[in-house]
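Starting from 1, each residue takes its place in the sequence as its number. Worth saying up front: this structure is predicted, and the values here are computed from it rather than measured.
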Amino acid sequence: MTDSFHLSFAMYVFCSMSVCSALIRIHLRLLAENAAKLCKRPDLICEFCTGIMFPSTTNSSRQLATAKFLRYKLTYFLLMRNLLTPALIILIALYAACTPKTGTSTASTPVTPNEPAVWDTMSKPLMGEEAESEDAEEPAEYNFTDAAEITPDDETLSDTLPPYNPSHTFEHDLIHTKIDISFDWPKKRANGKATLTLRPWFYATDRVTLDAKNFDIKSVTFDGKTEALQYDYNNEQLTVFLGKTFTRTEEFKIAVTYTAKPDERESFGGSAAITQDKGLYFINADGADKDKPMQIWTQGETESNSFWFPTVDKPNERCTQEMYITVENKFKTLSNGVLVSSKKNTDGTRTDYWKMDKPHAPYLFMMAIGEYAVVKDKWRGIDVDYYVEPKFEPFARDIYPYTTEMLEFFSTKLGYTYPWPKFSQVVVRDYVSGAMENTTAVIFGEYLQKTKRELLDDHMTNEKVVAHEMFHHWFGDLVTTESWSNLTLNEGFANYSEYLWIEHKHGRDAADFHEMQEQQGYIFSASDGGHPLIHFGYHDRESMFDAHSYNKGGAILNMLRNQVGDDAFFAALQRYLKKNEFSDVEAHELRLAFEDVTGQDLNWFFNQWFYGAGHPDLDITYGWDEAARQSTVTITQKQSGENVARIFDLPLAVDIYDATGKVTREKIRVTKRSQTFTFNVPAKPALVNVDADKALLCVKNDEHSPEEWAFMFRNAPRFRDRYEAMEGLKKKKPISPKELWWMLCRINSGQSARKRSTV
């Protein structure tokens, strides 16, 4: 506001108060005069009150008294009206005179943009929104105004920045990790020596800080030296003072000897997705439970591997790896990479040497130790191993179904061959999660381990989870999210792999049914609007393992595939993988890969779906103008919620069917809160099918008639068409099952007649 406006407003207030004060004084004076007159005529008061209290009084007496009494009231009313009317006019004139003639504009020339609206990072439209109410008769596209920025008087503005969880800042580059480890089963401890090869990231430094949680530190030295290095340790991080300054061109190796005590903590973390954060787990360590095998296994995600070896425990770090695991002879071991050697020791133990010569993130390091049967396969010359408890050995290939076929399918589909030196899978007891995509060595919970007969009742669970964890070896292991805020770059892709596999193996209808269930799971979880898919404001990194990162992430990839087409989609994924292999990424790098391939600017899509919250909630209604031969579709967006876009930009396909079943496809783009689209057609359509590809993630209220729903059931090609048709018919109460049966029979009869006429 300007100073002239403040002065004008003050003048208006002063004048208004003066007029009101004068009116009050006049009102009080007239009231006093009327009271005085009435006091001089007590006969009138007595006559009036007597007429009320004693109805037997003659009507003429009551009427005369009432008339005389009201005459004074009428005179008073007319006088006040004559005073108030000009006073009101004066107040209005004063307001108009005091209102400033300049100020911030709140409306501009109506505009109908040809291109999608530009979105900010909160998924709010910057171009504006329609001014009319939702029930206005005029379509929104004919009245488009800029939004005024209004701050409610009672709104409390924050004086701090919103929460933001950044990617890990590098001080050093972890190049290689070598671990020698053995176990104290009774105490549930691990004795280890970790040798880490590092160099400063950019700035010269004389110290290095490692994540090392709840260790007993025995010694810290340069590798091969005996002189101890000074260090500080707070039970969470180990800061080692190097005794000299190293530059970014100089590597150094430090050796840390330690004891890990994963069970010796006052409290443990965890979440719904990963129920504990011990990192290292001893199962039936004393062998007391005869029905449960003795096992040791690890679970590193999110940042729990630093409970059993010192490291830089962040997802954007990566290094190569060597593991020397010493166990009793009866146990099998599994770790990342390939088994280079297995050496028997004089004390009845054995040391297995596993080597991973390609870099991957520390949270993907793993061990599994137990009495396993190992069934072996080969695919393109690499080992494919299935670890199961001995009694399940005959069913190993059924427990991990189609493993080699999936490796071939995903390698071919992505145009990028499986990049690792082996692929192993193992089931463990009492697992704290569903499964984990540790590089080359996937861990599954015991729910996966079943007989062939049991798997007949539920084979899809095993298929989906094997596909999910395998696909991570491209999306998550080869190309890794740089921060937990970007977790969907791991989990959204793994979720979508289930759709790709089911589509390939069992057909499009089965895949669409699976995708519908995934979408419903997300929508149920986001009833309050949810959070952005790329979520920098999370309160706990563990909370990122939710139906947004998984279900919504997969659904959005399906929408992106539908948007750019199959060829472009898989070509863009291939470019993304090759450009970012063995590195960490954020969502913009995925966008850039798609833009490089398609030549399109896809900021609008990524800002809306990856960086914005929520999803569209649509009402769809239909109209027919017989005279003009025009069919109309009105789409209204109703979504609400904090940070949810009031307007989503929605490119949609609309299929228009005539009575013979012939279909014409129209392309539309919804860019308004309420928008009407008109199509010229020769006759009233039998069906107008909005979102004909059935790829849109949304809540939808589609107002079809029972006849249109029945036509959709019989003619539209997708599983979601038939499902929505049946759901729509269920909501139409007037139609009974018998009527539905005859309606479908009539439609079927009509189709048969059409087929006969074409022969």
Side-chain angles (χ1 to χ4, degrees), residues 183 185 280-285 287 289-300 323 325 327-339 342 350 352 354 364-379 382-407 418 420-473 498 501 505:
F183 307 97
W185 286 81
L280 178 65
Y281 297 80
F282 290 80
I283 306 303
N284 194 25
D289 188 344
K290 301 305 178 184
D291 296 323
K292 181 179 289 187
M294 295 175 65
Q295 293 179 349
I296 296 173
W297 46 263
T298 62
Q299 168 56 39
M323 293 281 292
I325 306 172
V327 295
E328 288 86 344
N329 269 322
K330 64 179 180 178
F331 293 120
K332 295 283 197 312
T333 70
L334 175 63
S335 190
N336 313 94
V338 297
L339 181 61
S342 186
R350 188 186 74 256
D352 291 345
W354 293 88
L364 295 167
F365 283 32
M366 70 81 66
M367 295 184 298
I369 297 160
E371 296 183 73
Y372 287 106
V374 182
V375 176
K376 294 183 173 294
D377 258 342
K378 286 281 188 180
W379 174 81
I382 70 170
D383 289 333
V384 177
D385 299 333
Y386 313 120
Y387 284 65
V388 292
E389 292 175 23
K391 68 178 181 179
F392 290 96
E393 183 176 3
F395 319 115
R397 289 183 177 85
D398 302 299
I399 290 168
Y400 308 109
Y402 305 114
T403 296
T404 56
E405 185 178 343
M406 287 184 189
L407 286 167
Y418 176 78
W420 306 101
K422 80 157 191 312
F423 187 72
S424 299
Q425 299 169 105
V426 60
V427 170
V428 303
R429 292 292 189 101
D430 301 339
Y431 195 46
V432 294
S433 187
M436 180 63 202
E437 65 273 14
N438 309 295
T439 316
T440 75
V442 178
I443 291 180
F444 300 91
E446 62 194 274
Y447 67 92
L448 208 72
Q449 198 165 236
K450 300 174 183 177
T451 66
K452 192 166 186 175
R453 176 65 187 85
E454 290 170 328
L455 288 167
L456 289 175
D457 297 327
D458 182 22
H459 65 92
M460 287 302 293
T461 295
N462 289 42
E463 284 188 46
K464 288 187 291 188
V465 72
V466 168
H468 183 110
E469 304 305 325
M470 183 187 292
F471 210 61
H472 268 308
H473 282 71
E498 300 170 28
W501 170 253
K505 190 66 177 178

Inter-residue atom distance Lys378.NZ - Asp383.CG, 0.5 Å rounding: 3.5 Å
Considering all heavy atoms, the nearest Phe392-Ile399 contact: CB-CD1, 4.0 Å
Does Lys292 have any salt bridge (charged side-chain N to carboxylate O under 4.0 Å, His left out) partners at least two apart in sequence or in another chain, and if so, which? Asp430
Just by distance, do the side chain of Tyr387 and the backbone of Ile443 share a donor-acceptor pair under 3.5 Å? no
To the nearest 0.5 Å, what is the distance between CD1 (Ile382) and OH (Tyr418)? 5.5 Å
Please find the pair of heavy atoms, one from Arg350 and one from Asn329, that lie closest to each other, and give the distance. NH1-O, 3.1 Å
Using only atom types and a distance under 3.5 Å, with no angle test, would you say the side chain of Thr298 pairs donor to acceptor with the backbone of Met367? yes
Just do the side-chain contact (heavy atoms from CB on, under 4.5 Å) check on Thr404 and Phe423 with the steps written out, would you? CA-CA 9 Å; Thr404 56; Phe423 187 72; over 6 Å; no
Looking only at heavy atoms, the pair that brings Asp377 and Arg397 closest together is OD1-NH2, 3.1 Å
Determine the interplanar angle of the Trp297 and Tyr281 rings, folded into 0 to 90°, and report it as parallel if under 30°, tilted if 30 to 60°, perpendicular if over 60°. parallel
Smallest separation among heavy atoms of Thr403 and Val466, with atom names: OG1-CG1, 4.2 Å
Would Glu469 and Gln425 satisfy side-chain contact (heavy atoms from CB on, under 4.5 Å), going step by step from the backbone distance to the final call? CA-CA 10 Å; Glu469 304 305 325; Gln425 299 169 105; over 6 Å; no
Could you check if a side-chain atom of Glu389 sits within less than 4.5 angstrom of a side-chain atom of Pro293, using non-hydrogen atoms only? yes
Passing candidate, side chain to side chain contact (heavy atoms under 4.5 Å, CB included) with Phe444, options Val428, Val427, Val426: Val427
Quick one: pull up CG in Asn462 and CG in Leu448 and give me the separation to the nearest 0.5 Å. 4.0 Å
Check the angle between the aromatic planes of Trp501 and Tyr402 and answer parallel, tilted or perpendicular using the 30° and 60° thresholds. tilted
Check whether Gln295 reaches the backbone of Arg429 with its side chain - one donor and one acceptor, N or O, closer than 3.5 Å. yes
Determine whether a donor-acceptor pair (N or O, by modelled atom type, separation under 3.5 Å) exists between the side chain of Gln449 and the backbone of Glu446. no
Determine, stepwise, if the pair Met366 / Leu334 fulfils side-chain contact (heavy atoms from CB on, under 4.5 Å). CA-CA 8 Å; Met366 70 81 66; Leu334 175 63; 4.2 Å; yes
To the nearest 0.5 Å, what is the distance between CE on Met294 and NZ on Lys330? 5.0 Å
Is any side-chain heavy atom of Leu407 closer than 4.5 Å to a side-chain heavy atom of Met470? yes
Please tell me if the side chains of Val388 and Phe395 come closer than 4.5 Å, counting only heavy atoms from C-beta onward. no
Tell me whether Lys450 is salt-bridged to Asp458, with the criterion being a basic N under 4.0 Å from an acidic carboxylate O. yes
I need the minimum non-hydrogen distance between Met323 and Ser335, along with the two atoms involved. CG-OG, 3.6 Å
Thr439 side, atom OG1; Asn336 side, atom CG - distance, nearest 0.5 Å: 5.5 Å
Look up atom CZ in Phe183 and atom CD in Glu328, then write down how far apart they are to the nearest 0.5 Å. 9.5 Å
Kindly give the heavy-atom pair with the smallest separation between Val465 and Ala435, and that separation in Å. CG2-CB, 4.0 Å
Look at the rings of Trp420 and His473 and say which category their plane angle falls in: under 30° parallel, 30 to 60° tilted, over 60° perpendicular. perpendicular
Are Thr461 and Tyr447 close enough, and set up right, to give a side-chain contact (heavy atoms from CB on, under 4.5 Å), and what steps lead you there? CA-CA 10 Å; Thr461 295; Tyr447 67 92; 4.3 Å; yes
